Trainee: 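Sharing a structure here in structure tokens format.
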Amino acid sequence: MRLAILKILALTACIWLVSCSEKPGEQHAEFFVFGTLMEVTTWGADKQLSRKAFARLHAQFQDMHRDWHAWEPGLLTEINDAFAAGQAVTANPAILELTRRSQEIEEQSGGRFNPAIGGLVRLWGFHTSDYPIEGPPPGKAAIEDLLKQNPSSLDVRIHGQEMSTRNRSVQLDFGGIAKGYATDLAIDTLDQMGISNAIVNAGGDLRAVGRHGDRPWRVAIRDPAGGIIGVVESREDEAIFTSGNYERYRQENNQRYPHILDPRTGWPVEEISSVTVITNEGLLADAAATALIVAGLSEWQDVAYSLNLDKVLLIDENGRVYLTAEMNKRIGFSGKVDKKIIETL
Ligand code: ADP
Ligand code: MG
């Protein structure tokens, strides 16, 4: 039922619903932005002020949806068209910031996070909100053809508000970072309006500030096998993001091809079912969770170190949990888990 409603909502650009099931002290609104239900909850704020804030967030989310969407025609598709044609193009401050930060994270993650692979994402059919996709993977030659053109966000030059690139294969796709930056901007807006206890939840990925009355905000971490694996109590200002391989994928017979691609091979990553990152910024948490899924079991510790992260949890495809000592201090597991704690990164 919820899925059916989400599919109907996916047809509309950005809608806004005020929920009727609020708990005492809470104000709650829901928005549907770039394929995700965004839930904003405030605690202890004046009702009028919360409504005003929700109206402002609605306008902000609409702008993001229009400007950052990877395939619905808007500012980002214009930018990508200009890149493909070898032309310079005027961006806006949010896209410039997404690009600059992406460049840093691409570099720090050794290219495991790479938002310039929009061409590959499209080739795999992942420019859709309608999952799962049925059918075979793209041909090897088409993948190789894109790979050898080596698209990278570091190929993008920024001069003032203008962006350009000499690499015509660069196609920006902020699917791995947009939700994170959206939660940051929403928290900034709430803060500027004097709302200091709030949670902005983008389909289980969230940033939380302040508290829920006399207790911290509590955040459930999903188990790729179903249900929840544990609960984290959020500290003053934290972003908690999970990237998963288990929800959005292509399938053919019994073979699944998840939507997170290894930019070095052009193929989906499979070894890890999910990665959860806690840090103080949504943008970094979101991009890092994507980078760490790509890094996989053999490289995640190096990549986490290089991204300056100390709270990371991975679940492999057999349900085994690997987590840092700092993450272990923060998560209360719901049941018995097969876990390995990494003391030093
Ligand atoms: P989710 O939150 O849905 O688990 P992510 O935050 O990891 O997913 O984002 C996945 C999306 O990011 C893909 O749909 C695609 O648009 C884009 N993407 C896929 N692989 C990469 C990659 N290696 N680096 C950057 N972006 C990617
Ligand atoms: Mg991500």
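Since this is a predicted model, take the numbers as computed values, not measurements. Both counts, for ligands and for their atoms, begin at 1 and track the order of listing.
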Trainee: Closer than 4.0 angstrom, basic N to acidic O: yes or no for Glu326 and Lys311?
Mentor: no
Trainee: Out of Leu120, Leu172, Val121, Val275, who is nearest to atom 15 (C) of ligand 1 when you count heavy atoms only?
Mentor: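 Nearest heavy atom to atom 15 (C) of ligand 1 lies in Val121.
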Trainee: Please report which non-hydrogen protein atom sits nearest to atom 4 (O) of ligand 1, along with the residue it belongs to and the distance in Å to one decimal place.
Mentor: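 Nearest protein contact, heavy atoms only, for atom 4 (O) of ligand 1 is Gly244 N, 3.0 Å.
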Trainee: Looking only at side chains, do Thr128 and Asp130 share a donor and an acceptor under 3.5 Å apart?
Mentor: no
Trainee: Flag yes if more than 12 heavy atoms outside Arg235 fall under 6.0 Å of its CZ atom; otherwise flag no.
Mentor: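 No, CZ of Arg235 has 12 or fewer neighbouring heavy atoms, counting only those of other groups under 6.0 Å.
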Trainee: Compute the ring centroids of Tyr249 and Tyr257, then answer whether they are less than 6.0 Å apart.
Mentor: no
Trainee: Go through ligand 1 atom by atom and flag the ones less than 4.0 Å from a non-hydrogen atom of Phe113.
Mentor: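 Atoms satisfying the 4.0 Å criterion: 24 (N), 25 (C).
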Trainee: Within the 4.0 Å heavy-atom shell around Val294, which atoms of ligand 1 are there?
Mentor: 23 (N)
Trainee: Can you give me the closest heavy-atom contact between Phe54 and Val40, atom names plus distance?
Mentor: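 So the two residues come closest at CE2-CG1, 3.7 Å.
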Trainee: Yes or no, since that's all I need: does a protein heavy atom fall within a distance strictly under 4.0 Å of atom 18 (N) of ligand 1?
Mentor: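 Flag for atom 18 (N) of ligand 1 set to false, no protein heavy atom closer than 4.0 Å.
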Trainee: Specify the protein heavy atom at minimum distance from atom 27 (C) of ligand 1: its residue, its atom name, and the distance to 0.1 Å.
Mentor: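 For atom 27 (C) of ligand 1, the nearest protein heavy atom comes out as Thr290 CG2, 4.1 Å.
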Trainee: Start with the C-alpha distance between Thr41 and Gln27, add both sets of side-chain angles, then the distance that settles side chain to side chain donor-acceptor pair (under 3.5 Å), and finish with yes or no.
Mentor: CA-CA 6 Å; Thr41 308; Gln27 311 284 329; over 6 Å; no
Trainee: Which residue and non-hydrogen atom of the protein lie closest to atom 12 (O) of ligand 1, and at what distance in Å?
Mentor: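 Here the closest protein heavy atom is Gly176 N, 3.0 Å.
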Trainee: Select the closest option to atom 16 (O) of ligand 1 among Asn114, Asp173, Asp262, Ile105, judged by heavy-atom distance.
Mentor: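 Answer by nearest heavy atom: Asp173.
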Trainee: Indicate yes or no: does Lys47 engage Glu26 in a salt bridge with an N to O separation below 4.0 Å.
Mentor: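 Result for this pair is no, no salt bridge flagged.
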Trainee: Just checking, any donor-acceptor pair under 3.5 angstrom between side chains of Thr42 and Ser50?
Mentor: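 Present: a donor and an acceptor within the cut-off.
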Trainee: Give the residue, atom name and distance (to 0.1 Å) of the protein heavy atom nearest atom 6 (O) of ligand 1.
Mentor: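 For this ligand atom, the closest protein heavy atom is Asp286 OD1, 3.0 Å.
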Trainee: Taking only Lys NZ, Arg NE, NH1 and NH2, and the carboxylate oxygens of Asp or Glu, determine whether Asp145 and Lys148 approach each other closer than 4.0 Å.
Mentor: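 Looking at Lys148 together with Asp145, the answer is yes, because their closest N to O distance falls below 4.0 Å.
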Trainee: What are the atoms of ligand 1, with element, lying closer than 4.0 Å to any heavy atom of Arg112?
Mentor: 22 (C), 23 (N), 24 (N)
Trainee: Do we get Arg122 above Phe126's six-membered ring, with its NZ or CZ under 6.0 Å from the centre and within 45° of the axis?
Mentor: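 Because its charged atom misses either the 6.0 Å distance or the 45° angle limit, Arg122 does not stack over Phe126.
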Trainee: Could you tell me whether Phe126 approaches ligand 1 through its side chain, its backbone, both or neither, with non-hydrogen atoms closer than 4.0 Å?
Mentor: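 Looking at Phe126 and ligand 1, no heavy atom falls under 4.0 Å.
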Trainee: For the pair Glu299 and Arg264, find out whether any cationic side-chain nitrogen is under 4.0 Å from an anionic carboxylate oxygen.
Mentor: yes
Trainee: Could you find the nearest protein heavy atom to atom 10 (C) of ligand 1 and give me its residue, atom name and distance?
Mentor: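 Atom 10 (C) of ligand 1 sits closest to the protein heavy atom His259 CE1, 3.3 Å.
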Trainee: Only heavy atoms of Pro263, strictly under 4.0 Å: list the atoms of ligand 1 that pass.
Mentor: 23 (N)
Trainee: Where is the nearest protein heavy atom to atom 20 (N) of ligand 1: which residue, which atom, and how far?
Mentor: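 Checking every protein heavy atom, the shortest distance to atom 20 (N) of ligand 1 gives Leu261 N, 3.0 Å.
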Trainee: Are a donor atom and an acceptor atom from the side chains of Asn245 and His259 found within less than 3.5 Å of each other?
Mentor: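 Per modelled atom types, Asn245 and His259 side chains form no pair under 3.5 Å.
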Trainee: Return the set of protein N, O or S atoms whose distance to the Mg ion (ligand 2) is under 2.8 Å, each given as residue and atom.
Mentor: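 Protein N, O or S atoms closer than 2.8 Å to the Mg ion (ligand 2): Gly176 O, Asp286 O, Asp286 OD1, Thr290 OG1.
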Trainee: Among Gly111, Gly118, Gly175, which one has a heavy atom closest to atom 9 (O) of ligand 1?
Mentor: Gly175
Trainee: With a cut-off of 4.0 Å, which atoms of ligand 1 are near a heavy atom of Asp205?
Mentor: 2 (O)
Trainee: Does the pair Glu281/Arg101 count as a salt bridge with the N-to-O cut at 4.0 Å?
Mentor: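 Looking at Glu281 and Arg101, the cut-off is met.
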Trainee: Below 4.0 angstrom, N of the basic side chain to O of the carboxylate: do Arg207 and Asp184 qualify?
Mentor: yes
Trainee: Give the residue, atom name and distance (to 0.1 Å) of the protein heavy atom nearest atom 2 (O) of ligand 1.
Mentor: Lys179 NZ, 3.1 Å
